[in-house]
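Worksheet: one structure, shown below.
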Amino acid sequence: MDGNGRWAQARNLPRTEGHKAGEHSLFEVVDGCLEAGVEWLTVYAFSTENWRRPKDEVRFLINFNEEILLRRRDELNERGVRIRFIGRRDWRVPKRLIKRMDEASELTRHNRKLTFTIAFNYGGRAEIVDAVREIAASGVNPKKITEKTIAKHLYDAEMPDPDLVIRTSGEFRISNFLLWQLAYSELIFTDTPWPEFQREQLFAAIGDYQERERRFGGVDSGS
Ligand code: IPE
Ligand code: MG
């Protein structure tokens with residue numbers, strides 16, 4: 001969900017106004033997924049690198065995430081959305097926010113229409129490091145370690161590899177998002193800043209995805 005700050009700055013607004021405007025986009029995308037039958041949606045809300053931002057912005061993002069969880073959890077629950085989180089739960093994440101995360105996951109855990117995963121204090125490399133630590137601690141024979149072993153130790157072992165990744169706001173980077181999982185994902189980069197990314201843009205991206213031919217390292221299915 002990139003481009004909030006620049007969207008706001010272009011309007012002479014503080015960066016935090018861009019984050020606020022992004023809430024509408026987020027729920028447009030959730031609605032769009034429910035409508036299109038997308039069953040897994042993962043959003044990058046806060047990275048392990050985002051702590052480097054000015055203190056005020058970090059504080060705003062933490063409070064804003066907490067507030068959204070409180071304000072929107074019932075509505076998400078009623079719509080059949082299962083809320084989950086991936087990321088490191090280290091000392092930097094306030095206990096109160098962790099409590100809200102656990103409450104939202106618990107409240108929605110039986111829902112299956114859409115699994116909506118929020119990556120918070122998430123880093124793809126950190127996730128792989130954490131997986132490797134668990135595997136090493138388990139004392140497994142190194143020869144028995146396969147790709148499946150690593151996948152099983154990621155933050156959410158059930159989450160399928162994404163078919164499609166959309167990055168907004170004209171940046172052409174992965175920025176440490178789901179590094180292991182997106183080995184074969186289709187990537188879409190759009191100039192649209194996150195606050196302007198609505199259902200229509202989501203459907204356009206899905207349409208673009210449907211035109212792509214996925215070979216997973218193999219050859220054309222028709223030839
Ligand atoms: C939101 O957009 C992403 C978050 C980390 C919350 P940005 O805050 O990265 O916006 P830009 O990239 O500065 O425009
Ligand atoms: Mg950014």
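Predicted, not measured: the structure shown is a model, and the values here were computed from it. Every number for a ligand or one of its atoms is a count from 1 in the order of the listing.
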Quick check: does any side chain N or O of Arg89 sit under 3.5 Å from a backbone N or O of Lys95, one acting as donor and the other as acceptor? no
Residues 71-110 vs ring pair (Phe, Tyr, Trp, His ring centres under 6.0 Å), sequence neighbours excluded, gives none
Between Thr42 and Arg84, is any side-chain donor less than 3.5 angstrom from a side-chain acceptor? no
Measure the distances from the heavy atoms of Ala45 to every atom of ligand 1 and state whether one is below 4.0 angstrom. yes
Find all atoms of ligand 1 within a distance of less than 4.0 Å from any non-hydrogen atom belonging to Asn50, and give their numbers and elements. 5 (C)
For Arg6, counting its heavy atoms only, list the atoms of ligand 1 lying under 4.0 Å from any of them. 11 (P), 12 (O), 14 (O)
Quick one: does any side-chain atom of Gln198 pair with a main-chain N or O of Pro195 as donor and acceptor, under 3.5 Å? yes
At a 4.0 Å cut-off, with the gap strictly under it, does some heavy atom of Arg53 reach an atom of ligand 1? yes
Candidates Met1, Glu57, Arg15; heavy atom nearest atom 13 (O) of ligand 1 found on Arg15
Any non-hydrogen side-chain atom of Gln201 less than 4.5 Å from a side-chain atom of Glu196? no
Any N/O of Leu61 closer than 3.5 Å to an N/O of ligand 1? no
Check: Arg73 main-chain N/O paired with Asn77 side-chain donor or acceptor under 3.5 Å: no
Around atom 10 (O) of ligand 1, find the nearest protein heavy atom and jot down its residue, atom name and distance. Gly5 N, 2.9 Å
Taking transitive links into account, so neighbours of neighbours count too, which hydrophobic residues share a cluster with Leu178 at under 4.5 Å side-chain distance? Trp40, Tyr44, Ile86, Tyr122, Ile128, Val132, Ile135, Val140, Ile145, Ile150, Leu154, Tyr155, Met159, Val165, Phe172, Ile174, Phe177, Leu179, Trp180, Leu182, Leu187, Phe189
Counting C-beta onward and ignoring hydrogens, is there a side-chain heavy-atom pair between Glu39 and Thr115 closer than 4.5 Å? no
Results of ring-ring contact (aromatic ring centres under 6.0 Å, His included) for Trp7 - residues two or more places apart only: none
Is the contact between Glu49 and ligand 1 made by the side chain, the backbone, both, or neither, using heavy atoms and a 4.0 Å cut-off? neither
Taking both backbone and side-chain atoms of Trp7, is any N or O found less than 3.5 Å from an N or O belonging to ligand 1? no
Can you check the number of protein N/O/S atoms within less than 2.8 Å of the Mg ion (ligand 2)? 1
Any side-chain to backbone donor/acceptor pair from Glu17 onto Pro14? Under 3.5 Å, distance only. no
Below 4.0 Å from ligand 1: does a non-hydrogen atom of Gly3 turn up there or not? yes
Any donor-acceptor pair under 3.5 Å linking the side chain of Asp31 with the backbone of Glu28? no
